[in-house]
Amino acid sequence: MSSKLIITVAPTGGMAPKEASPHLPTQPDEIAASVTASAKAGAAIAALHARRPDHLATCNPDIYRAINEKVRAGSDIIINNSTGGGSTGDMVIERPDGIGENNFDERLKGTMAGAEMCTMDAFTAVDTVVPGKELLVLTTPARCEVLAKAMQDKGIKPEWEVFSPAHIINDAVRLIQKGYDKPPYFFNFVLGANRNFQGAMPYSHDILESMIKLLPPGSIWNISAIGTAQLAGTTQAMLWGGHVRVGLEDNLYYAKGEKATNEQLVARTVRIATELQLDIATPAEARAMLGLKAR
């Protein structure tokens with residue numbers, strides 16, 4: 001069991017529409033206020049998505065910079081910008097065959113706003129989050145290297161976001177072996193997204209255990225369990241020495257029928273961790289654990 005738990009808050013995401021929850025922050029001031037409250041509650045990393053003024057998804061670096069600057073004014077939390085973007089807005093290209101395509105050029109812009117970390121989704125998938133719409137998330141091996149090099153050139157630490165075992169042993173390990181990251185490798189297991197992503201895995205303790213066993217030496221791991229899996233998945237991760245992500249990106253509810261706030265989900269995680277006799281990592285401690293520069 002790890003003695004220091006890194007808690008990530010994912011306040012917004014690129015999927016849920018603004019009307020899905022009165023607590024979902026989508027604009028820079030809202031996101032910064034929610035992250036500041038979450039940092040006070042115990043979060044050490046903020047996994048940030050950008051939204052346009054109309055609340056649709058984007059990786060616009062000007063919007064990301066506005067978010068990042070406001071977040072930094074409120075706390076010393078680690079900033080992790082998404083290079084996945086989302087399922088709407090600037091992230092969608094309409095193809096002649098009627099299938100939408102995730103905008104790879106827009107994804108690259110997520111590395112351009114001064115973040116310490118960025119998500120690295122080094123795989124191809126089909127996103128069916130928007131009902132009746134298939135969105136091809138096309139990240140070929142060549143595109144993976146373009147994205148990985150963009151992070152490396154800017155001194156950004158990748159968060160290896162993986163939805164299945166193949167994403168670890170094929171996609172991420174290939175890039176690690178090519179020198180695009182150095183230990184400790186930070187893997188984020190996204191489990192329970194199988195309803196919305198072809199090839200994603202559901203959450204179960206057995207699946208989580210199997211993915212842990214596939215990690216390359218020098219890795220530390222985190223879980224993002226989606227929807228109703230969040231409480232069970234994060235609790236199990238704490239028992240097994242992992243780290244956890246909570247927030248409205250992954251789960252809009254605190255309990256059945258009760259909409260959550262980001263800081264509520266962080267505070268509950270801290271309470272459970274305290275009962276398990278785990279210490280909560282501060283942002284400075286998390287930076288040291290991840291090999292990031294001190295601020």
Side-chain angles (χ1 to χ4, degrees), residues 10 12-17 47 49-50 56-59 80-111 118-148 150-151 158-176 180-181 185-204 207-208 210-211 214-215 221-227 229-230 233 245 249-251:
T12 304
M15 310 297 181
H49 279 254
L56 299 182
T58 186
C59 283
N80 178 355
N81 286 164
S82 173
T83 64
S87 306
T88 62
D90 294 337
M91 306 313 306
V92 181
I93 298 171
E94 296 297 336
R95 292 160 43 115
D97 59 9
I99 298 174
E101 183 176 331
N102 185 254
N103 188 338
F104 182 73
D105 290 338
E106 189 72 14
R107 289 173 62 187
L108 287 171
K109 296 176 185 178
T111 68
C118 282
T119 56
M120 180 70 196
D121 293 56
F123 55 85
T124 294
V126 178
D127 168 353
T128 59
V129 170
V130 178
K133 185 71 175 178
E134 293 181 338
L135 186 67
L136 178 61
V137 184
L138 187 61
T139 320
T140 64
R143 283 184 169 186
C144 287
E145 293 208 36
V146 169
L147 184 55
M151 293 186 198
E159 177 207 286
W160 299 97
E161 196 167 59
V162 294
F163 289 55
S164 81
H167 300 162
I168 302 170
I169 58 179
N170 182 16
D171 304 305
V173 168
R174 181 184 71 249
L175 293 165
I176 287 169
Y180 288 110
D181 194 13
Y185 313 119
F186 188 61
F187 277 83
N188 178 28
F189 303 143
V190 180
L191 296 176
N194 50 300
R195 290 175 297 175
N196 297 123
F197 285 87
Q198 184 182 26
M201 300 292 285
Y203 175 77
S204 75
I207 289 171
L208 174 60
S210 71
M211 292 178 72
L214 295 173
L215 290 173
W221 60 274
N222 177 88
I223 188 170
S224 300
I226 307 302
Q230 186 172 88
R245 185 176 92 178
E249 174 173 356
D250 301 332
N251 170 35

Applying side chain to side chain contact (heavy atoms under 4.5 Å, CB included), run through M120 and L175 and close with a yes or a no.
CA-CA 11 Å; M120 180 70 196; L175 293 165; 3.8 Å; yes
Evaluation steps, side chain to side chain contact (heavy atoms under 4.5 Å, CB included), between W221 and L208
CA-CA 11 Å; W221 60 274; L208 174 60; 3.8 Å; yes
Would you indicate whether the side-chain heavy atoms of V129 and L135 approach each other to under 4.5 Å?
no
Atom of L214, atom of P165 and distance for their closest heavy-atom approach:
CD1-CB, 3.4 Å
Can you measure from CG (N81) to CE (M151) and round to the nearest 0.5 angstrom?
10.0 Å
Has R95 got a side-chain atom pairing as donor or acceptor with E101's backbone, closer than 3.5 angstrom?
no
Looking at OG of S87 and NZ of K133, how far apart are the two atoms once the value is rounded to the nearest 0.5 Å?
11.5 Å
Taking it one step at a time, do I207 and L191 satisfy side chain to side chain contact (heavy atoms under 4.5 Å, CB included)?
CA-CA 9 Å; I207 289 171; L191 296 176; 4.1 Å; yes
Does the gap between the ring centers of W160 and Y185 come in under 6.0 Å?
no
Within the side chain of T83, is there an N or O that forms a donor-acceptor pair under 3.5 Å with the backbone of T119?
yes
Give, for atom CZ of F104 and atom OG1 of T140, the distance between the pair rounded to the nearest 0.5 Å.
7.0 Å
Non-hydrogen side-chain atoms of N103 and K109 separated by less than 4.5 Å
no
May I have all residue pairs that pass salt bridge (charged side-chain N to carboxylate O under 4.0 Å, His left out) and include part of residues 84-93, sequence neighbours excluded?
R52-D90
Side chain proximity check, R174 to C144, heavy atoms < 4.5 angstrom
yes
Correct closest heavy-atom pair for G89 and L56 would be CA-CB, 3.8 Å
What are the two closest heavy atoms between M91 and G84, and how far apart are they?
CE-O, 3.7 Å
What orientation do F163 and H167 show, parallel under 30°, tilted 30 to 60°, or perpendicular over 60°?
perpendicular
Would a distance-only check, ignoring hydrogens and angles, find a side-chain to backbone donor-acceptor pair under 3.5 Å from S164 to A200?
no
Drop me the distance from Q230's CD to R245's CZ, to the nearest 0.5 angstrom.
9.0 Å
Grab the two heavy atoms, one from F187 and one from I176, that are nearest each other, plus how far apart they are.
CZ-CD1, 3.9 Å
Reported CD-to-CG distance for the pair E159 and N222, which is rounded to 0.5 angstrom:
6.5 Å
Who are the side-chain contact (heavy atoms from CB on, under 4.5 Å) partners of A225, not counting sequence neighbours?
I223, A229
Short question: side chain of T88, backbone of A57 - any donor-acceptor pair under 3.5 Å?
yes
Using 0.5 Å steps for rounding, measure from the CZ atom of F123 to the CG atom of N170.
12.0 Å
Considering non-hydrogen atoms only, spot the tightest contact between P158 and D181 and give its length.
CD-OD1, 3.6 Å
Please answer whether the main-chain N or O of C59 pairs with a side-chain N or O of E106 as donor and acceptor at a distance below 3.5 Å.
yes
With side chain to side chain contact (heavy atoms under 4.5 Å, CB included) as the test, would you mind laying out the steps for D171 and D121 before giving the verdict?
CA-CA 9 Å; D171 304 305; D121 293 56; over 6 Å; no
Are any side-chain N or O atoms of T124 and backbone N or O atoms of T139, one a donor and one an acceptor, separated by less than 3.5 Å?
yes
Do we see a donor-acceptor contact under 3.5 Å between the side chains of Y180 and E145?
yes
Ignoring hydrogens, what is the shortest heavy-atom contact between I168 and M211? Give both atom names and the distance.
CD1-O, 3.8 Å
